[in-house]
Structure formats: C-alpha cells, structure tokens
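So that the names make sense, note that chain A is the first sequence line, chain B the second, and so on, each numbered from 1. Here the structure is a predicted model, which means the values were calculated and not measured.
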There are 2 protein chains.
Amino acid sequence: MTTKRVTSIDVARHAGVSQSTVSRTFTPGAGVSEAARRKVVEAASELGYTPNAIARSLSKQHTDIVGIVMGRITSPFHPYVLEKFINELQNVGKQALLFSTPPDSEIDELLELVLQYQVDALIVASATISSDMAEACARNGTPVVLFNRYVLGANVNAVCTDNVEAGRLVANELIDAGHQKLALIEGKANTSTAVDRKKGYFDRLQERGHVDVVADGGDHTYEAGFEAALRLLDRDDPPDAIFCSSDNAALGAMDAARYQLGIKIPAELSVVGFDDIPAAAWPSYSLTTIRTPVNRMVEATLDLLLDRLEKPSMSPEFLLLPGELIRRHSARLAGVQEINTSPSPLLTKPQHGA
Amino acid sequence: MTTKRVTSIDVARHAGVSQSTVSRTFTPGAGVSEAARRKVVEAASELGYTPNAIARSLSKQHTDIVGIVMGRITSPFHPYVLEKFINELQNVGKQALLFSTPPDSEIDELLELVLQYQVDALIVASATISSDMAEACARNGTPVVLFNRYVLGANVNAVCTDNVEAGRLVANELIDAGHQKLALIEGKANTSTAVDRKKGYFDRLQERGHVDVVADGGDHTYEAGFEAALRLLDRDDPPDAIFCSSDNAALGAMDAARYQLGIKIPAELSVVGFDDIPAAAWPSYSLTTIRTPVNRMVEATLDLLLDRLEKPSMSPEFLLLPGELIRRHSARLAGVQEINTSPSPLLTKPQHGA
DNA sequence: TTGAAAGCGATACCAT
DNA sequence: ATGGTATCGCTTTCAA
C-alpha cells in the first residue's frame with residue numbers, strides 16, 4: 001500500500017529532461033530555461049514530488065538545521081525564548097532540532113547525538129556544556145552559543161544577563177528602603193544563574209554592613225518559594241525583606257506570606273523577584289523584580305550564531321546584558337520612586353515574517 | 001582551519017579493517033568480532049569519529065526524527081506538552097524537528113517543508129492541517145496525529161479533550177449553584193477548542209432555559225480576559241457568573257473584577273476557567289476550572305504515533321478524552337461539594353529515562 | 001542551457 | 001565474521 005517515494009529521477013523521466021535539470025529547477029540560483037523549468041514543475045506536481053532534504057544535506061555538506069538544547073522547556077521564560085528562536089530561524093530558512101536535557105543528566109552524551117545529525121550550529125540554553133565538548137564542536141566547525149549560561153575559561157560564545165550586578169541592584173534597593181533583616185530565597189546551587197544572583201546580593205549586602213543574611217529555598221519554583229517563605233517567616237527574627245532569585249518563587253513567597261501567615265505586603269514585608277514574567281505585572285502580585293533582557297538576549301544569540309555560520313573563524317564572544325529593576329508594589333520604595341507600569345517584554349507578540 | 005569531517009572510511013583505514021566493519025561496529029545488532037570491534041572503537045575515538053546520521057538516514061530510508069508543528073509554543077500548557085513529547089521521543093531514540101506556526105498563517109506550506117526533511121511521523125499540536133495535506137502524508141506513508149485539534153471528515157488521527165462535554169459540565173455547575181445571569185469569555189472564533197467549549201456551554205444553558213447569555217472576549221490571554229470582564233461587568237445587567245474559555249482569561253477576569261471593580265469572588269461573582277494551569281491552584285486565585293487531561297493526551301498521542309510507525313497500515317483513530325471539573329473557591333458551589341485540592345497535573349515532573 | 005558522471009557517508013546484500 | 005559493492009537522492013563539476 002505504501003507508495004514508493006518519488007525522486008528527481010522519476011520527475012526527470014516524466015518531464016523528458018535530465019535529472020540534473022530537475023535538480024536545478026529546485027535550486028534557487030541555478031540556470032534553467034523557462035521551457036525546461038515549466039516542464040519540470042508540471043511533472044513534479046503531477047507526480048507529487050518533493051525534494052529530499054536529507055539527500056540534499058548529504059550532498060551539500062550542510063543541513064540548514066540548528067540544534068537547540070534546552071534544559072527544562074517549562075522553566076519561566078523558556079517557551080518564549082524557544083518560540084522566538086524557532087521563528088527567527090524559520091525566517092532565515094533554518095530548521096530547529098530540539099533536545100531537552102533531563103535535569104542533572106550528562107549533557108555531553110546528548111550533544112554527541114546532536115552532532116551526529118550534522119547540525120550547522122548549536123544553541124545551548126540553560127544547560128552547561130563541558131569544555132571538552134565545546135572544543136569538539138570547535139574542531140569540526142560547529143558554532144556553539146550558550147544562552148543564559150557561561151562556562152568559565154572555555155572559549156565559547158555566550159550571552160547572559162549580568163546576574164551578579166542585578167543581585168547588587170536588589171541589595172541596594174532593599175537597603176535604601178530602610179530594611180534591616182534581609183533574606184534570600186535562592187535557586188539551585190549548581191546553576192550559574194542562581195549562584196550569581198546570590199553572590200551579587202550577598203556581596204553588596206556585606207559591603208553595606210549587612211552580614212547575617214539568611215537564605216533558604218533551592219529551586220526556582222512557586223512551591224519552593226512558598227515553602228521557603230514559610231520557614232523564613234517562622235523564625236524568631238523573621239526578615240522584613242526577601243529577595244527571591246526567581247519570580248515564580250517570589251509569587252509563592254507572596255502567597256505564603258499573605259494567605260498562610262496573614263502578612264501584609266509591602267507594609268510588613270518586601271518581596272523582590274527576578275525575571276519579570278507576565279504574572280509579575282498582574283495586580284494580584286504587582287511584583288517588584290529584575291527584568292531579564294530576554295529579547296535582546298535572543299537577538300544577540302541569533303546574531304552571534306548567524307555571523308559564525310557565515311564566517312566560522314570568528315572568535316568567541318561573551319555578552320553580558322544588564323537586567324533592569326522594575327519597581328511595582330511588592331517592595332517598599334526608597335524615597336520618591338516611580339512605579340514602573342510597562343508590561344513584561346514576554347508579552348510582546350513574537351514577530352513572524354521578515 | 002576547518003578540519004575535514006572524519007568518516008567511517010578514515011576509521012577503517014586507521015583500524016586496518018574494511019569500512020563495512022566500521023559500520024557494523026556502530027550498528028547495535030551487527031556481527032563483529034570482539035577483536036575488530038576493539039580496533040574500530042579505538043581508531044574512532046582517536047580520530048574523533050561520529051557516525052553521520054544524515055548519511056545513515058538516506059541509506060536506511062528513515063530518519064528517526066519526528067516533526068512537531070505547534071501553533072504558539074507559549075500558549076497555556078504547550079511548553080509542558082512539548083517537553084513531554086521531546087522526552088518521550090528521546091527515550092525511544094527519536095529526535096524532534098520543531099516548527100512553530102505563525103498565528104493565522106498557512107500551515108500547508110510549512111508542512112511541505114517538514115516533509116522535505118523526511119520526518120518519520122508528524123505531530124500537529126493546536127494547529128490545523130488541510131484534508132489535502134493529510135492525504136498527502138498518508139500517500140507517502142507519514143503517520144500524522146493531531147493534538148488538541150481535529151478536522152471533520154478527514155481521516156486523520158487526533159486526540160482531543162471533549163470540549164463540548166466540558167462546556168456542558170460548566171453550564172450545569174453554574175446553574176445548579178443558582179446563578180441567573182450567565183456570561184462567557186470566549187477564545188478565538190477560528191479554533192475548534194474555543195468553539196466547542198462555547199457550544200457545549202451555550203447548548204446546555206439553553207436546554208435548561210437560559211437563553212440570553214452574553215459573550216465577550218476573543219482570545220485566550222490574560223489581557224483579553226481582563227478587558228472582556230471589564231466590559232461584561234459594566235453592563236446594566238452584569239452577569240453573576242462568567243465561564244472563561246481558558247484559565248489565563250479567567251485570571252485576567254478575576255483581577256479585573258477584584259482590583260478594578262472591587263467585586264467579591266465568589267460572593268458576588270463566580271468565575272470558572274478551563275485548562276487547570278498551575279496558577280489556577282494558587283491561593284490568590286483558587287480557580288474553579290476544567291482540568292484538561294494533558295498527560296493522558298500526550299501519552300495517547302505518542303501511543304498512536306509509535307504504533308503507526310511500526311505498522312503504517314493502521315487506520316486512523318479519534319480519541320476524545322473527558323475534562324474534569326475541579327472545584328476550588330472562585331465559583332459558588334452547588335449544594336455540598338468538596339473542594340478539590342489536587343495540584344495541577346502540569347506540575348508533575350516529566351519523567352526522564354525509560 | 002543541458003546531460004553525464006563523480007561524489008556525499010552511510011547501509012546491506014552477496015560472496016568469501 | 002569480513003570485505004566488496006550497489007544503493008539511497010541529491011548537488012556539482014565538466015563537457016558538449
């Protein structure tokens with residue numbers, strides 16, 4: 001029952017031309033007479049012919065597909081990032097082969113698989129690649145760019161938010177607002193994002209004389225934030241301000257404080273998040289947070305990638321983009337500050353078409 | 001500077017065996033002596049050889065990649081679904097080539113591209129495929145299964161939530177709770193999901209004597225829900241119950257009612273959503289909603305797909321899975337009902353490993 | 001412009 | 001078990 005696939009040879013026969021001519025007809029810049037082209041096109045549609053991209057890839061030595069490895073697609077703004085990557089890639093005629101890394105699994109063996117599929121380039125988002133693997137990619141000429149993660153010492157392209165600086169921003173804001181007992185609800189200890197945010201926050205706090213800052217948490221989820229807040233707020237010396245290393249955790253912390261403990265925000269407690277997901281702007285939360293420059297990050301990543309696709313010899317770059325403090329109503333203000341009412345950039349409809 | 005790709009021939013030469021033997025070494029069930037295998041493996045690692053999946057695909061006549069076309073990756077539970085698809089696929093040794101359809105764009109031309117890449121099978125999630133294209137796929141033996149969408153009359157595999165029945169469920173619940181002025185905040189008129197939910201709701205309402213039900217909205221987003229609620233509640237005869245065709249819209253509606261209009265939920269207004277996204281269970285909302293059986297849908301989709309990958313002749317199936325009404329605190333209860341406290345299924349960590 | 005033929009990097013059948 | 005070779009479907013010289 002399975003009809004045999006129709007190939008360019010079939011079309012050639014049917015159109016009374018050579019197979020080469022058929023190939024040329026489907027190659028944008030090639031030289032084919034109008035007459036021949038017409039015959040081929042007709043024969044093709046009669047037979048229901050579609051060029052075989054796999055065969056073409058083998059012959060042309062490139063696939064036009066870029067691999068995307070993403071740790072947890074469901075994480076805060078990842079779907080948005082992914083969609084944007086895909087759309088932009090499609091716009092320049094490239095396909096995306098998507099891989100998701102099981103949390104805490106070895107990404108290197110996965111990469112080997114990705115490379116087998118001869119991807120022209122690789123985007124690794126929120127997952128880390130070993131320097132060995134990075135070199136392996138470099139060796140066979142596959143450009144790699146890390147998104148939202150970097151690897152120290154390795155010569156790999158990477159674009160990140162400046163998490164350390166953002167952490168310092170939050171520390172300043174909270175101290176300036178007069179808070180005394182600062183706390184942190186942190187993320188996973190093995191992710192550079194969480195570690196850097198914590199570092200910036202703690203460092204700056206210490207510089208300004210706040211030494212004993214308590215931390216809890218361990219995951220960038222709503223639930224983790226909820227539980228951590230409960231524990232933090234149940235202490236003998238509960239904090240009057242909590243910096244949550246992610247918006248999700250911040251929302252959980254707010255709900256825990258309000259609905260479980262009856263604490264008023266920001267009158268009795270300030271909460272600051274990180275990411276600026278859409279829900280942060282909702283009136284139920286109105287969360288003060290750090291806005292991650294997602295759009296610029298995605299664009300920078302794509303630029304880096306596309307550049308190196310054309311000119312593989314370009315040397316690696318490391319882009320560190322600043323986060324922006326968005327003041328809303330979940331944290332006490334320091335002096336006269338404006339409330340920021342701009343919507344989350346994640347709401348911007350992704351552009352389609354050129 | 002670009003090192004030439006190393007092929008099985010290079011390895012063969014280096015190991016002093018034939019190219020066939022190299023190939024066999026990398027083919028799971030093939031017969032190679034321990035001695036030969038050892039030599040090959042060593043040579044391969046010395047040279048940094050990786051099998052070329054593209055060449056293999058051409059020769060084996062299948063790619064082990066399945067295409068996934070998804071309309072809006074950022075829609076409510078799509079990231080979760082996508083992640084699950086990817087993981088399960090990876091577990092059975094298949095790769096995913098991902099495409100996102102620009103909203104309201106012609107999906108058929110995109111499909112042509114997908115097919116060019118010789119995908120072994122195709123998942124179309126929340127996007128519609130023309131019967132023509134469905135037939136084209138059938139002709140060249142590419143199994144297709146639609147996720148969360150169906151096409152009437154066409155012989156295509158599909159798995160959906162029973163949106164009509166779910167709509168009726170909501171109608172009953174609201175009427176039973178004694179509501180008089182019912183309203184609907186609907187989704188896009190050209191999506192079967194939105195249309196079916198509306199149909200079930202309206203039909204059942206009418207059957208029970210509620211004829212003039214007002215509808216507003218037009219998109220399954222928070223913002224659309226917010227705006228629609230504002231308009232609905234501003235009428236001379238404002239509704240005392242609103243069914244929102246999606247959770248996102250419901251959250252927007254709740255925020256609009258509470259924070260813009262000062263309306264008490266559920267005392268003065270009942271709100272019911274659809275999807276049961278994680279935020280629906282958060283105490284800030286505690287949204288009564290219809291839980292979409294996502295997990296079973298994903299599993300069913302994969303089952304259908306994998307079955308047909310093995311046995312292409314299997315006839316198409318259409319699975320309609322029931323939604324479940326999850327009672328929380330955003331809607332008045334009909335008589336003595338239990339509040340459902342089970343967490344959103346979307347929180348379940350996706351399984352990795354077999 | 002067009003056709004013939006040599007790859008591209010594997011798989012698989014056929015002898016040995 | 002191993003090697004030789006045709007084959008997968010296309011791109012791309014090279015001549016004509």
Tell me what T7(A) touches on the nucleic acid: a base, only sugar-phosphate, or nothing, going by heavy atoms under 4.0 Å.
sugar-phosphate
How would you label the contact of S8(A) with the nucleic acid (heavy atoms, under 4.0 Å): base, sugar-phosphate, or nothing?
sugar-phosphate
Can you find an N or O donor on one side and an acceptor on the other, under 3.5 Å apart, linking the side chain of S20(B) with the base of dA12(C)?
yes
Between R24(B) and N52(B), whichever has its closest DNA chain C nucleotide further toward 5' is N52(B)
For dT2(D), does either OP1 or OP2 sit under 4.0 Å from a side-chain N or O belonging to T21(B)?
no
To the nearest Å, give me how far apart NZ (K39(A)) and P (dT1(C)) are.
15 Å
Looking at every strand, decide which applies to V32(A) at a 4.0 Å heavy-atom threshold: base, sugar-phosphate, or nothing.
sugar-phosphate
Closest-nucleotide mapping onto DNA chain D: is S57(A) or S59(B) further toward the 5' terminus? I mean the 5' end.
S59(B)
Could you check whether the rings of F85(A) and F147(A) sit parallel, tilted or perpendicular, using 30° and 60° as the cut-offs?
perpendicular
Please report the distance, rounded to the nearest Å, between CD1 in I54(A) and P in dT11(C).
14 Å
Which part of the nucleic acid, if any, lies within reach of A53(B) when heavy atoms closer than 4.0 Å are counted: base, sugar-phosphate only, or nothing?
nothing
Write down the distance between CZ (R13(A)) and C1' (dT2(C)), rounded to a whole number of angstrom.
18 Å
R56(B) side-chain proximity, nearest of dG9(D), dG3(C), dT11(C):
dT11(C)
When you measure from the side chain of V17(A), which nucleotide among dT2(C), dT11(D), dG3(C) comes out closest?
dG3(C)
Measure from the side-chain heavy atoms of S33(A) and tell me the nearest of dT2(D), dT2(C), dC8(D).
dT2(C)
At under 4.0 Å, does any side-chain N or O of Q61(B) touch on OP1 or OP2 of dG9(D)?
yes
Hey, does Q116(B) have a side-chain heavy atom less than 4.5 Å from the side chain of R56(A)?
yes
Taking CD from Q116(B) and P from dG9(D), how many angstroms apart are they, rounded to a whole number?
15 Å
Please test S18(B) against T21(B) for side-chain hydrogen bond (donor to acceptor under 3.5 Å, both in side chains), starting from the C-alpha separation and ending with a verdict.
CA-CA 5 Å; S18(B) 77; T21(B) 300; 3.2 Å; yes
Could you verify whether a donor N or O on one side chain and an acceptor N or O on the other, from D132(B) and S130(B), lie under 3.5 Å apart?
no
Select one nucleotide: of dT2(D), dT2(C), dT5(D), the one nearest the side-chain heavy atoms of Q19(B).
dT5(D)
Under a 3.5 Å threshold, yes or no: a donor from one side chain and an acceptor from the other, between S126(B) and R72(B)?
no
Is the closest basic N to carboxylate O distance between E88(A) and K94(A) below 4.0 Å?
no
Round to a whole Å and report the spacing from CZ of F26(B) to C1' of dA12(C).
18 Å
Could you state the atom-to-atom distance from OH of Y117(B) to P of dC10(D) in whole Å?
14 Å
Atom-pair distance (NZ on K60(A); P on dC8(D)), nearest Å
22 Å
How close or far is atom P of dC8(D) from atom CZ of R5(A), stated in whole angstroms?
13 Å
Taking the side chain of S23(A) as its heavy atoms from C-beta onward, which of dT11(D), dT11(C), dG9(C) lies nearest to it?
dT11(D)
